[in-house]
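For reference, the structure is listed below as structure tokens.
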Amino acid sequence: MSRAKVVLVGTGRMGAIRAKILYSNPRVNFCGVVDVNEEAATKLATVFNTKAYTSVSAAMQAVGGLDGVVVCTPTFTHDAVIREAASFGLHIFTEKPVEENEEKVTKLFNICRENNAKLYCGFQRRFDATYKSVADSVRSGKIGKPLSASIFFADHPCPPIEFLLTGGDIFMDLSPHDVDYIRYCLNDEVDSVFATGSSSDEKLKNAGVCDNATMVLSFKTGAIVTLTMSRSASYGYDQRCEIFGTEGLACVNNEHADSSIISNKGGIQQARLKHSFPERFDGAFATEIEMFVDGILHNVAWPISEQDCIAAQKIADAARRSAELHEVIKL
Ligand SMILES: NC(=O)c1ccc[n+]([C@@H]2O[C@H](COP(=O)([O-])OP(=O)(O)OC[C@H]3O[C@@H](n4cnc5c(N)ncnc54)[C@H](O)[C@@H]3O)[C@@H](O)[C@H]2O)c1
């Protein structure tokens with residue numbers, strides 16, 4: 001069986017998740033871990049019995065016939081890391097978003113194209129069994145014409161303040177997940193955005209970073225979508241999506257730590273929600289890597305297009321401006 005030769009770049013929250021998946025996938029030859037922090041690279045590489053490097057170039061020189069990289073560095077570094085990987089013609093899977101804004105995303109896709117490097121972005125809802133089933137139902141007309149959607153996304157646990165200050169703008173970082181998903185479900189384009197947000201912490205407020213926000217998206221065919229987001233649910237990872245149409249309703253409900261339900265005179269008690277994104281999306285994260293390998297080895301098309309990635313950041317940026325200006329932004 002042929003195996004894709006892949007290195008991981010970035011050893012933080014997502015890097016640790018991806019390392020485990022790369023190590024356990026029989027179609028991956030996990031050739032190394034890259035991190036600017038040499039100690040962190042060595043630590044993760046040791047766990048997964050692979051080599052540590054401090055740059056993609058160093059990994060490229062050491063590993064013959066490298067096929068691809070999995071980019072798990074902070075979003076503000078994606079530009080440099082993706083450019084470096086593309087310059088060697090490597091295929092690239094990157095954590096979302098590809099970059100912070102529409103212009104940078106467009107540039108990176110162009111650079112990858114010029115270098116014959118494929119660029120795949122991981123909006124994991126597209127690979128999650130429940131989200132996928134709901135999307136397939138809506139797109140095939142099972143609820144008739146979609147009229148509205150209500151989406152709630154509350155992160156848990158709240159990421160560190162350093163992350164929120166450097167890469168955690170709620171519009172740029174969090175909203176693209178659901179914006180991409182709902183655009184795909186409705187098979188429609190956003191016409192205008194209104195957003196409002198607040199900062200629960202003085203440091204976030206001073207830096208202009210919201211940790212709670214609501215976006216109202218008006219789509220071209222008339223559907224209205226509200227997306228409410230928070231960085232800090234106190235009770236678990238809360239992600240729900242309800243799409244209402246002329247002939248039905250399609251829902252993504254929350255997943256719980258286990259499926260027990262205890263009923264007694266005191267009421268009905270259910271297990272807590274799943275703890276966080278690694279638990280909720282473990283299957284989707286593994287499927288993304290399967291499909292990245294399919295892309296490398298068999299040229300299988302990636303379901304999320306360049307236009308999808310550009311649109312998600314364009315809408316996220318319009319929402320941020322809308323919240324600043326208190327105005328509806330027409331796209
Ligand atoms: N899909 C999801 O649900 C999800 C969840 C969390 C984060 N993310 C995304 O994953 C990416 C990483 O986020 P994180 O929270 O894992 O970050 P993190 O801060 O936990 O880890 C980042 C790692 O990258 C390293 N690094 C920084 N610059 C580098 C460079 N130029 N080259 C090599 N290594 C470098 C750091 O030393 C650190 O080890 C972000 O783009 C974020 O948006 C996605």
Side-chain angles (χ1 to χ4, degrees), residues 7-21 32-45 47 52-60 69-87 90 92-101 104-105 108 119-128 131 153-181 209 229 231 237-239 274-289 292 304 309 312-313 316:
V7 295
L8 170 75
V9 193
T11 64
R13 294 187 304 164
M14 279 313 301
I17 294 168
R18 297 294 178 194
K20 202 170 167 189
I21 295 170
V33 169
V34 176
D35 201 296
V36 284
N37 179 337
E38 193 172 359
E39 201 183 325
T42 305
K43 201 171 162 194
L44 198 68
V47 173
Y53 305 98
T54 51
S55 69
V56 172
S57 304
M60 188 66 201
V69 294
V70 169
V71 178
C72 299
T73 60
T75 302
F76 66 87
T77 68
H78 286 186
D79 188 74
V81 174
I82 291 173
R83 279 170 192 264
E84 191 181 8
S87 73
L90 296 173
I92 301 156
F93 170 89
T94 181
E95 293 302 336
K96 52 50 64 180
V98 172
E99 245 297 346
E100 292 176 344
N101 61 46
K104 285 185 177 176
V105 176
L108 286 177
L119 177 56
Y120 299 149
C121 176
F123 286 124
Q124 73 263 24
R125 282 159 182 64
R126 299 270 206 121
F127 303 84
D128 175 78
Y131 275 97
F153 178 4
D155 210 354
H156 178 267
C158 186
I161 186 117
E162 297 74 35
F163 170 80
L164 296 181
L165 288 169
T166 54
D169 175 81
I170 204 158
F171 298 113
M172 180 280 287
D173 180 62
L174 220 56
S175 79
H177 279 295
D178 285 302
V179 167
D180 171 71
Y181 179 70
V209 175
M229 300 169 285
R231 279 295 185 183
Y237 197 62
D238 188 353
Q239 298 214 310
K274 286 193 168 173
H275 180 71
S276 193
F277 60 89
E279 293 79 16
R280 172 61 186 83
F281 287 112
D282 53 351
F285 290 146
T287 304
E288 285 175 335
I289 296 300
F292 179 45
I304 302 163
C309 296
Q313 288 325 110

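Both ligands and their constituent atoms are indexed starting at 1 by order of listing.
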Handout entry: R13 NZ/CZ over F163 ring centroid, <6.0 Å and within 45° of normal
Key = yes
Problem - Cation-pi, F292 ring and R18 (6.0 angstrom, 45 degrees) - result: no
Fill in the blank from the handout: Which of V69, V70, V9 passes side-chain contact (heavy atoms from CB on, under 4.5 Å) with V34? Answer is V9
Problem - Neighbour count above 12 (heavy atom, 6.0 Å) for K20 NZ - result: no
Exercise for the section: Go through the structure and list residues passing ring pair (Phe, Tyr, Trp, His ring centres under 6.0 Å) with Y181, not counting sequence neighbours. Expected result: Y131
Output block, N or O contacts of ligand 1, threshold 3.5 Å exclusive:
{"unit_1": "ligand 1", "atom_1": "1 (N)", "unit_2": "Q124", "atom_2": "OE1", "d": "2.9"}
{"unit_1": "ligand 1", "atom_1": "3 (O)", "unit_2": "Q124", "atom_2": "NE2", "d": "2.9"}
{"unit_1": "ligand 1", "atom_1": "15 (O)", "unit_2": "R13", "atom_2": "NE", "d": "2.8"}
{"unit_1": "ligand 1", "atom_1": "15 (O)", "unit_2": "R13", "atom_2": "NH2", "d": "3.1"}
{"unit_1": "ligand 1", "atom_1": "16 (O)", "unit_2": "R13", "atom_2": "N", "d": "3.2"}
{"unit_1": "ligand 1", "atom_1": "16 (O)", "unit_2": "M14", "atom_2": "N", "d": "2.8"}
{"unit_1": "ligand 1", "atom_1": "20 (O)", "unit_2": "R13", "atom_2": "N", "d": "2.9"}
{"unit_1": "ligand 1", "atom_1": "34 (N)", "unit_2": "V36", "atom_2": "N", "d": "3.4"}
{"unit_1": "ligand 1", "atom_1": "37 (O)", "unit_2": "D35", "atom_2": "OD1", "d": "2.6"}
{"unit_1": "ligand 1", "atom_1": "39 (O)", "unit_2": "T11", "atom_2": "OG1", "d": "3.3"}
{"unit_1": "ligand 1", "atom_1": "39 (O)", "unit_2": "D35", "atom_2": "OD2", "d": "2.7"}
{"unit_1": "ligand 1", "atom_1": "41 (O)", "unit_2": "T73", "atom_2": "O", "d": "3.4"}
{"unit_1": "ligand 1", "atom_1": "41 (O)", "unit_2": "T75", "atom_2": "OG1", "d": "2.8"}
{"unit_1": "ligand 1", "atom_1": "41 (O)", "unit_2": "H78", "atom_2": "NE2", "d": "3.1"}
{"unit_1": "ligand 1", "atom_1": "41 (O)", "unit_2": "K96", "atom_2": "O", "d": "3.3"}
{"unit_1": "ligand 1", "atom_1": "43 (O)", "unit_2": "T75", "atom_2": "OG1", "d": "3.3"}
{"unit_1": "ligand 1", "atom_1": "43 (O)", "unit_2": "K96", "atom_2": "O", "d": "2.9"}
{"unit_1": "ligand 1", "atom_1": "43 (O)", "unit_2": "K96", "atom_2": "NZ", "d": "3.2"}
{"unit_1": "ligand 1", "atom_1": "43 (O)", "unit_2": "D173", "atom_2": "OD1", "d": "3.3"}

Exercise for the section: Compare all side-chain heavy atoms of D155 with those of Y237 and state whether any distance is below 4.5 angstrom. Expected result: yes
